[in-house]
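Naming: A, B, ... by sequence-line order, numbering from 1 per chain. Everything quoted here is computed from the prediction, not taken from an experiment.
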Protein chains: 2
Amino acid sequence: MRQFLAITGALADEGRVRTLLALHRRELCVCQITELLKLATSTVSKHISILRHAGLVEVRKDGRWIYCRLSDRQPSAMARQAMQWVQTSLQRDPRARDDQKRLKAILKEDPEDICRRQMGKSPCCSSARETPAAAR
Amino acid sequence: MRQFLAITGALADEGRVRTLLALHRRELCVCQITELLKLATSTVSKHISILRHAGLVEVRKDGRWIYCRLSDRQPSAMARQAMQWVQTSLQRDPRARDDQKRLKAILKEDPEDICRRQMGKSPCCSSARETPAAAR
DNA sequence: AATATAGTTCGTCGGTTGGCGAAATAACGA
DNA sequence: TCGTTATTTCGCCAACCGACGAACTATATT
């Protein structure tokens, strides 16, 4: 029951669900997920931590970057079924579709650029970019 | 996405999950669920409302009683899969097992008695019963 | 060593949630 | 009709949650 509620709790937030869908057959670093969700880095970090504790996501460290992927090692039957449910339920969801599209653009960019942009300014949700002049 | 989050939200509470499990192949009236969960009637009522809005539970009115059952009419694929996931994930859960056992006792009782008991006193969670003297 | 940078942790704030009891509602029985 | 009773609605409170920015940590790069 404990683990089950950890999973349903993790799935009860749109940002986390979108993250899971974005990770379908793909590894993403935190800054890319941050870019996709347009949330503060700290918020995304917490979301990922919740997904990890639920056993839905695993993490790999490579230098300064942390890459996330769906738990493909030996996920519990519970987690595996949950992911299947998420996937089949939301494959055609408009929001998810749009994310996949935007993700393609994000993947074309150099992660370094993404991070630099995030540091430089983060009024969040301003899809129009400001002058990338140094902050402070 | 909307409906999906309604379902995961509904599943992110132990009482509601236990309710769903209790309703497996069975109809229960609100007072029986209240007895099982040992919560205030008003609380259980709200839980059931949430399960209904998520499309997981349906309700049938019979006189003064309201009977709940799993949505077997035409549940969305989403809801159907969710219920299957819940069921297979928690079939062997100790808590769920215990509930099934206690449920048998509850089903042997007359619903009227259960309700009377609940009205008479509700210090909740006091499994030892008080003198059923009239309240107020 | 000093600087820069990718993420995490911490503290805070506002909004939501789960719980309760009291009051309202609905439906039967006398 | 009047009370009884099964459930819902309302109003409240404490706990939790998601969001943020600031401060910290860890890992390059210079």
Per B:L39 side chain, nearest of listed nucleotides C:dT8, C:dG19, D:dT7: C:dG19
Spacing of A:E35 atom CD relative to C:dA6 atom P, expressed in whole Å: 13 Å
Integer-rounded Å distance: D:dC20 C1' and A:K38 NZ: 17 Å
Rounded distance (nearest 0.5 Å) linking atom CG of A:L51 with atom OG1 of A:T19: 6.0 Å
Sugar-phosphate, base or nothing in reach of A:K46, heavy atoms under 4.0 Å: base
side-chain N/O B:H47 vs C:dG19 OP1/OP2, d < 4.0 Å: yes
Short side-chain N/O contact to D:dC20 OP1/OP2 from A:T43, under 4.0 Å: yes
Pair A:S89, B:Q81: side-chain N/O donor-acceptor within cut-off below 3.5 Å: no
Heavy-atom side-chain proximity of B:L37 to B:T43 below 4.5 angstrom: no
DNA chain D: 5'-proximal contact among A:I50 and A:G63 (nearest heavy atom): A:I50
Rounded distance in Å - NZ (B:K61) to P (D:dT5): 18 Å
Separation of C:dG29 C1' from B:W65 CH2 (nearest whole Å): 11 Å
A:A40 side chain, from C-beta outward: closest of D:dG21, C:dT8, D:dT7: D:dG21
side-chain N/O B:R64 vs C:dT25 OP1/OP2, d < 4.0 Å: no
Interatomic distance, B:Y67 OH vs D:dT7 C1' [rounded to whole Å]: 13 Å
Short side-chain N/O contact to C:dT8 OP1/OP2 from A:S45, under 4.0 Å: yes
Whole angstrom value for the distance that separates P of D:dA26 from CG of A:D62: 18 Å
Separation of C:dG18 P from B:R16 CZ (nearest whole Å): 4 Å
Given C:dA6, D:dT7, D:dG18, the nucleotide with the shortest approach to the side chain of B:I66: D:dT7
Exam field: side chain A:Q100 to backbone A:R97, donor-acceptor pair closer than 3.5 Å: no
From OG1 (B:T8) to CG (A:D13), nearest 0.5 Å: 9.0 Å
Minimum-distance nucleotide (side-chain atoms of A:S42 versus D:dT8, C:dC10, D:dA19): C:dC10
Nearest-Å distance for atom pair CG/P, residues A:D13 and C:dT17: 12 Å
